[in-house]
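Values below: every heavy atom of this structure, side chains too, minus hydrogens, waters and symmetry copies.
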Amino acid sequence: MTAPAQKDGYDLAHQEKDVLDYITDIAHELANMAARAGCDTLSHDLKQAIIKSRGPGDTSALNTVSQSEDRPQERL
């Protein structure tokens with residue numbers, strides 16, 4: 001009887017991670033859009049929020065966030 005409860009708990013945890021990853025992707029795109037629009041403060045704040053949401057031990061957010069900071073953005 002505990003096996004289905006454990007499976008449900010795993011499914012919910014997996015879904016939660018997927019949702020958080022999706023939200024992080026959206027925030028990352030918004031940060032990039034803000035940078036291209038010249039809203040540097042907004043872009044910086046969004047990037048910091050992404051990093052903080054991942055926690056201090058997770059550096060994967062740093063890799064995706066810092067890519068756009070290394071090269072200047074062209075305005076369209």
Side-chain angles (χ1 to χ4, degrees):
M1 187 148 102
T2 60
Q6 289 175 345
K7 183 182 183 301
D8 290 343
Y10 173 78
D11 289 343
L12 287 176
H14 184 71
Q15 288 175 3
E16 179 182 5
K17 182 187 178 312
D18 288 345
V19 169
L20 290 174
D21 287 343
Y22 181 67
I23 291 169
T24 301
D25 289 343
I26 292 170
H28 184 212
E29 288 300 317
L30 288 171
N32 288 338
M33 290 170 62
R36 286 192 302 270
C39 301
D40 296 332
T41 302
L42 176 59
S43 176
H44 178 266
D45 289 349
L46 285 167
K47 290 174 185 179
Q48 290 302 311
I50 293 167
I51 292 168
K52 287 179 183 177
S53 73
R54 293 293 185 164
D58 188 354
T59 59
S60 63
L62 290 172
N63 295 334
T64 58
V65 171
S66 63
Q67 288 174 354
S68 63
E69 291 177 351
D70 292 341
R71 50 181 187 226
Q73 298 290 329
E74 291 184 21
R75 289 194 180 189
L76 299 175

Atom pair CG/CE of Leu46 and Met33 - distance to nearest 0.5 Å: 10.5 Å
Inter-residue atom distance Asp25.CG - Ile50.CD1, 0.5 Å rounding: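 Rounded to the nearest 0.5 Å, the CG-CD1 separation comes to 8.5 Å.
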List the residues meeting side chain to side chain contact (heavy atoms under 4.5 Å, CB included) with [X], not counting sequence neighbours, and say none if there are none.
X	value
Ile26	Tyr22, Leu30
Ala34	Cys39, Leu42, Ser43
Asp21	Lys17, Arg54

Nearest heavy atoms of Ser53 and Thr24, plus distance in Å: OG-OG1, 4.4 Å
Side chains of Asp45 and Gln48 in contact at under 4.5 Å (non-hydrogen atoms):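 No, side chains not in contact.
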